[in-house]
Amino acid sequence: MWTHGWRDRVWSDLDRPWDLIVIGGGITGAGILREAARAGLRALLVEQHDFASGTSSRSSKLVHGGLRYLKQGEIRLTFESVRERERLLREGRGLVSSLGFLMPTYAGDRPPAWVFGLGLMVYDILAMKFNHRRYDALDMRDLCPGLAETGLQGGYRYFDALTDDARLVLRVLREAVAGGAVALNYARVVGLLRDRSGQVRGVALQDVAAAGRSRTAEAQAAAVINATGAWADEVRAHADRRRPAQRLRPLRGSHLILPAGRVPLRRAVTFQHPSDRRPVFALPWEGVTLFGTTDVDHGRKVETDPGITSPEVDYLLAGLAYAFPLLKLGPDDVLATLSGVRPVVDTGKADPSKESREHVLWRDAGMVTVTGGKLTTFRLMAHEALLGIRARLPGRPRFDAGRSMLDPIPEAAPAAAGLDPATRLRLAGRYGADMPALLEAARPGELGRVGDSVTVWAELRWAARAEGVVHLDDLLLRRVRLGLLLPRGGQDYLNDIRAIAQPELGWDDARWQQEAAAYVRLWRASYSLPEENA
Ligand SMILES: Cc1cc2nc3c(=O)[nH]c(=O)nc-3n(C[C@H](O)[C@H](O)[C@H](O)COP(=O)(O)OP(=O)(O)OC[C@H]3O[C@@H](n4cnc5c(N)ncnc54)[C@H](O)[C@@H]3O)c2cc1C
């Protein structure tokens with residue numbers, strides 16, 4: 001699957017008849033493809049950039065009910081989300097794991113601490129899992145050294161879950177492809193095909209893998225689903241040029257990534273930002289600390305690699321200084337930044353954070369658009385979208401909402417010397433059925449970690465060989481997350497990475513140098529601090 005030459009093979013086969021075309025290779029599109037394959041449909045997914053390169057690799061990595069949504073009265077969204085969290089925790093061993101959250105409370109908090117306690121009780125009731133508890137100030141200091149102590153009254157602990165968002169997309173996509181579906185990256189939809197009655201029955205595609213050399217193709221299908229997240233309005237505009245297409249309000253959210261040594265956390269910490277009382281999170285993730293987010297109008301055309309702005313950096317650093325004053329964190333502590341654009345339906349609220357995060361289904365000339373929502377609720381979104389298009393599909397297939405989204409992970413894998421049980425489980429969760437092949441492909445020494453990260457070298461070999469990498473940033477930012485975990489995006493390791501990846505990718509020296517230079521430029525522009533904060 002996705003080995004050398006696979007994209008050419010898919011391109012040459014695009015003109016066969018499809019039952020379903022899914023536009024967008026984020027978590028929503030991946031979920032739809034998975035369920036379509038399971039129902040026996042001939043299904044094709046096309047993605048304009050890399051798989052998961054949109055919002056789905058830029059989330060806060062939480063599989064969560066969202067306490068904030070509860071506070072805003074979005075009970076249905078919270079209920080659905082906690083149920084999905086529990087399901088993903090069961091199905092996604094090694095990829096989705098439970099994470100304790102501490103919520104410190106201070107004298108003069110608005111709302112007062114007991115309101116949070118009440119909220120957590122409702123949160124637990126929705127999940128039918130009673131595990132939040134209250135701590136006094138002494139306990140909180142022990143549980144989270146470095147926390148601001150003035151006025152600290154105590155706090156709460158509750159549980160949500162954490163994942164690697166890009167790997168979740170990849171796992172779902174690869175299981176869909178193993179089940180008979182086809183997924184193609186760097187294939188942009190540049191137009192929609194219509195039948196005589198004006199209904200959307202296919203897509204016009206452009207290959208955007210390489211600048212300059214560009215092939216085109218048309219693919220016909222009984223039904224088309226638009227799962228392009230924050231880009232959904234752009235694709236809808238192809239369906240109906242008369243209608244003012246803007247129904248989304250793209251909201252940017254940015255994170256700072258800091259070395260775990262500077263913000264040592266065993267659990268996540270959440271608190272209200274001092275400037276606007278929005279909840280923010282500091283999370284231990286993949287050996288670093290992720291802190292976010294902001295929530296601001298993006299205010300420009302949605303691009304694949306949005307970057308953090310200076311006011312966002314200042315906002316986030318002010319939040320860290322408020323919660324962890326003794327750590328004296330500043331721009332020099334920032335390893336990397338990560339920004340994404342939320343697909344949020346525009347209802348014209350003055351405060352972006354008050355806009356609902358529920359998902360929506362829209363129809364334009366027979367095409368269904370599914371957007372909004374959350375990473376956590378992707379399975380529900382997939383089912384709703386498929387039910388929305390079912391009448392157009394041959395044989396009106398049944399979609400079984402009760403089945404697992406993820407396949408079971410391999411329990412029997414080749415014994416790999418030196419691989420500790422935690423790493424083994426981590427690899428099984430991230431690579432699913434491919435984990436035994438990944439271990440077999442590993443050369444001596446490649447089960448060791450890359451620098452201080454949790455990534456092992458063998459992941460690079462496997463991803464370069466078999467995971468559809470087209471550009472170096474696909475490999476370093478999404479197949480593995482080294483671009484977010486290592487200082488300077490891992491530039492100091494590029495020679496070692498090259499020794500493994502270049503032969504697997506079949507690139508000559510000139511191509512490697514070009515890709516490495518492009519990666520460094522991209523990392524500086526979109527994953528580091530803006531110049532004035534650096
Ligand atoms: C800062 C931030 C933090 C978040 N944190 C969380 C969290 O912790 N937990 C949670 O549950 N949710 C979270 N979310 C929300 C979640 O990330 C998104 O709801 C989800 O990733 C959206 O997935 P998607 O597949 O709909 O969109 P995307 O992942 O954006 O996928 C859409 C894809 O469509 C492609 N596309 C666009 N136009 C075309 C075209 N013309 N042709 C082909 N392809 C096209 C894009 O390239 C893109 O890859 C967060 C979002 C943000 C921004």
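These values consider heavy atoms only, across backbone and side chains, with no hydrogens, waters or symmetry-generated copies. Start at 1 and go down the list; that is how both ligands and their atoms are numbered.
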For this session: Just need the protein heavy atom nearest to atom 53 (C) of ligand 1, so name the residue and atom and give the distance.
Result: Arg342 CG, 3.2 Å
Exercise. Between Thr376 and ligand 1, is there a nitrogen or oxygen pair with a distance under 3.5 Å?
Worked result: yes
Exercise. In terms of the angle between their ring planes, are His132 and Tyr156 parallel, tilted or perpendicular, with boundaries placed at 30° and 60°?
Worked result: tilted
Problem set entry | Atoms in ligand 1 flagged as close to Ala187, the criterion being non-hydrogen separation under 4.0 Å | 43 (C)
Exercise. Between Ile27 and ligand 1, does any nitrogen or oxygen pair lie at a separation below 3.5 Å?
Worked result: yes
Problem set entry | Reported CG-to-CD distance for the pair Leu251 and Glu355, which is rounded to 0.5 angstrom | 7.0 Å
Exercise. Between Thr55 and ligand 1, is there a nitrogen or oxygen pair with a distance under 3.5 Å?
Worked result: yes
Exercise. To the nearest 0.5 Å, how far apart are OG1 in Thr28 and CD1 in Ile23?
Worked result: 13.5 Å
For this session: Would you check the N or O atoms of Ser60, main chain and side chain alike, for any that come under 3.5 Å of an N or O of ligand 1?
Result: yes
Problem set entry | Salt bridge Arg34-Asp407, side-chain N to carboxylate O under 4.0 Å | yes
Problem set entry | N or O contact, His49 vs ligand 1, cut-off under 3.5 Å | no
Exercise. Are the charged groups of Lys354 and Asp295 less than 4.0 angstrom apart, N to O?
Worked result: no
Problem set entry | Under 3.5 Å side-chain donor-acceptor pair for Glu286 and Ser453 | no
Exercise. What atoms of ligand 1 come closer than 4.0 angstrom to any heavy atom of His255?
Worked result: 1 (C)
Exercise. Starting from atom 44 (N) of ligand 1, which protein heavy atom do you reach first, and at what distance in Å?
Worked result: Gln48 N, 3.0 Å
For this session: Please determine if Arg85 forms a cation-pi arrangement with Tyr123, meaning its NZ or CZ atom is less than 6.0 Å from the six-membered ring centre and no more than 45° off the ring axis.
Result: yes
Problem set entry | Pairwise distance CG(Leu338) to CZ(Arg481) - rounded to 0.5 angstrom | 7.0 Å
Exercise. Numbering the atoms of ligand 1 from 1, which are under 4.0 Å from a heavy atom of Ala227?
Worked result: 32 (C)
Exercise. To the nearest 0.1 Å, how far is atom 7 (C) of ligand 1 from its closest protein heavy atom, and which atom is that?
Worked result: Leu62 O, 3.5 Å
For this session: Identify, by atom number and element, the atoms of ligand 1 in contact range of Gly253, meaning under 4.0 Å from any of its heavy atoms.
Result: 1 (C)
Exercise. With backbone taken as N, CA, C and O and side chain as the heavy atoms from C-beta onward, which portion of Val341 lies under 4.0 Å from ligand 1: side chain, backbone, both, or neither?
Worked result: backbone
Exercise. Of the non-hydrogen atoms in Gly229 and Pro343, which two are nearest, and what is the gap between them?
Worked result: C-CB, 3.5 Å
Problem set entry | Distance flag, aromatic centroids of His255 and Phe291, threshold under 6.0 Å | no
For this session: Could you tell me whether Arg357 approaches ligand 1 through its side chain, its backbone, both or neither, with non-hydrogen atoms closer than 4.0 Å?
Result: neither
For this session: Indicate the ring-plane relationship of His471 and Tyr186, choosing parallel, tilted or perpendicular according to the 30° and 60° boundaries.
Result: perpendicular
Seminar exercise, completed: Exactly one of Val341, Asp165, Leu477, Asp305 clears side-chain contact (heavy atoms from CB on, under 4.5 Å) with Arg58, and that residue is Asp305
For this session: Examine Leu375 against ligand 1 and note whether any of their N/O atoms are separated by less than 3.5 Å.
Result: yes
Problem set entry | salt_bridge(Glu175, Arg171) N-O dist < 4.0 Å | yes
Exercise. Is there at least one pair of N or O atoms, one from Thr293 and one from ligand 1, spaced under 3.5 Å apart?
Worked result: no
Exercise. Given Gly54, Gly229, Ser56, which has its nearest heavy atom closest to atom 22 (C) of ligand 1?
Worked result: Ser56
For this session: Could you tell me which atoms of ligand 1, counted from 1 in the order shown, lie closer than 4.0 angstrom to a heavy atom of Arg58?
Result: 1 (C), 2 (C)
For this session: Return the option from Glu47, Glu303, Lys374 holding the heavy atom at the smallest distance from atom 33 (C) of ligand 1.
Result: Glu47
Problem set entry | Region of Ala230 that comes within reach of ligand 1 [heavy atoms, distance under 4.0 Å] | neither
For this session: Check each atom of ligand 1 against the heavy atoms of Gly373 and keep those under 4.0 Å away; list them by number with element.
Result: 19 (O)
For this session: Check each atom of ligand 1 against the heavy atoms of Lys61 and keep those under 4.0 Å away; list them by number with element.
Result: 8 (O)
Problem set entry | Proximity flag Thr371 to ligand 1, non-hydrogen atoms under 4.0 Å | no
Exercise. Does one side chain, of Glu303 or His298, offer a donor that lies under 3.5 Å from an acceptor on the other?
Worked result: yes
Exercise. For ligand 1, which part of Val189 has a heavy atom less than 4.0 Å away: the side chain, the backbone, both, or neither?
Worked result: both
For this session: In plain terms, say whether Lys374 and Glu84 are close enough for a salt bridge, that is, a side-chain N and a carboxylate O under 4.0 Å apart.
Result: no
Exercise. Is Ser57 in contact with ligand 1, taking contact as a heavy-atom separation below 4.0 Å?
Worked result: no
Exercise. Regarding Ser353 and Arg278, is there a side-chain donor-to-acceptor distance under 3.5 Å anywhere?
Worked result: yes
Seminar exercise, completed: Note: Thr377, heavy atoms under 4.0 Å from ligand 1, region reported as neither
Exercise. Which bit of Ala52 gets closer than 4.0 Å to ligand 1, counting heavy atoms only: side chain, backbone, both or neither?
Worked result: neither
Seminar exercise, completed: If you compare Gly26, Gly191, Ala232 by their heavy atoms, the one closest to atom 31 (O) of ligand 1 turns out to be Gly26
Exercise. What's the shortest distance from atom 13 (C) of ligand 1 to any protein heavy atom, and which residue and atom give it?
Worked result: Ser59 CB, 3.8 Å
For this session: Would you mind checking if Glu86 and Lys129 are paired as a salt bridge, meaning a charged N to carboxylate O distance below 4.0 Å?
Result: yes
Problem set entry | Option nearest atom 26 (O) of ligand 1 (shortest heavy-atom distance, choices Leu45, Thr28, Val203) | Thr28
For this session: Run the salt-bridge test on Asp233 and Arg247 with the 4.0 Å N-O cut-off and return the result as yes or no.
Result: no
For this session: Please could you name the atoms of ligand 1 that Val46 approaches to less than 4.0 Å, counting only its heavy atoms?
Result: 43 (C), 44 (N)
